[in-house]
Trainee: 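Before we start, here is the structure in question, set down as structure tokens.
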Amino acid sequence: MRFLILQRIRGEVPVEIWSKLLPVQFKYLDDLEKEGKIEVSYHLIGQQGNVLIVDVNSDEELSRIISEDPLFFHSERKVYPL
């Protein structure tokens, strides 16, 4: 199952927190890409956020990928089935 995830970092996140978690998120996304779970990953130009296309085997796997994101509590996301 493929899903489009639009993720935007909340504007009220302090720069100190954002600057510490962003490199951790990059590594997390790189690891998922190496596992073949992420097909596409792009930064949203002019915004603090990204767009992902993920390929998962279940809703539970999608939920795990989203909830384990280091910026989970500091971002909003919309998920669309493809």
Trainee: Honestly curious: do Tyr42 and Tyr80 fall in one hydrophobic cluster under the side-chain, below-4.5 Å linking rule?
Mentor: yes
Trainee: How long is the gap from CG on Leu32 to NZ on Lys37, to the nearest 0.5 Å?
Mentor: 9.0 Å
Trainee: Kindly check if the number of other-residue, nucleotide or ligand heavy atoms within 6.0 Å of CZ (Phe72) is above 12?
Mentor: yes
Trainee: Under a 4.5 Å cut-off applied to non-hydrogen side-chain atoms, are Val79 and Leu4 in contact?
Mentor: no
Trainee: Compare every heavy atom of Glu33 with every heavy atom of Ile38, then report the nearest pair and how far apart it is.
Mentor: O-CG, 3.8 Å
Trainee: Group every Ile, Leu, Val, Met, Phe, Trp and Tyr by side-chain heavy-atom contacts under 4.5 Å, then state whether Tyr28 and Val54 land in the same group.
Mentor: yes
Trainee: Quick one: CD1 on Ile9 to OG on Ser75, what's the gap to the nearest 0.5 Å?
Mentor: 4.5 Å
Trainee: I need the Gln25 CD to Asp30 CG distance, nearest 0.5 Å.
Mentor: 10.0 Å
Trainee: How far does CD of Gln47 sit from CG of Leu6, to the nearest 0.5 angstrom?
Mentor: 9.5 Å
Trainee: Answer whether the closest heavy-atom distance between the side chains of Asn50 and Arg8 falls below 4.5 Å.
Mentor: no
Trainee: Looking only at atom types and distance, does a side-chain atom of Arg77 sit under 3.5 Å from a main-chain N or O of Ile66, one as donor and one as acceptor?
Mentor: no
Trainee: Side chains of Ile17 and His74: does their closest heavy-atom pair fall under 4.5 Å?
Mentor: yes
Trainee: Examine Leu44 and Val40 and state if one hydrophobic cluster contains both, with Ile, Leu, Val, Met, Phe, Trp and Tyr joined whenever side-chain heavy atoms are less than 4.5 Å apart.
Mentor: yes
Trainee: Where do Val24 and Pro70 come nearest, in terms of heavy atoms and distance?
Mentor: CG1-CG, 3.6 Å
Trainee: To the nearest 0.5 Å, what is the distance between OG (Ser58) and CE (Met1)?
Mentor: 5.5 Å
Trainee: Of the options Ile65, Leu62, Leu82, which is the one that meets Phe3 in a side-chain contact (heavy atoms from CB on, under 4.5 Å)?
Mentor: Leu62
Trainee: Quick check for you: to the nearest 0.5 Å, what is the distance between Leu71 atom CG and Lys20 atom NZ?
Mentor: 13.5 Å
Trainee: How about Val51 and Ile5: do any of their side-chain heavy atoms sit closer than 4.5 Å?
Mentor: no
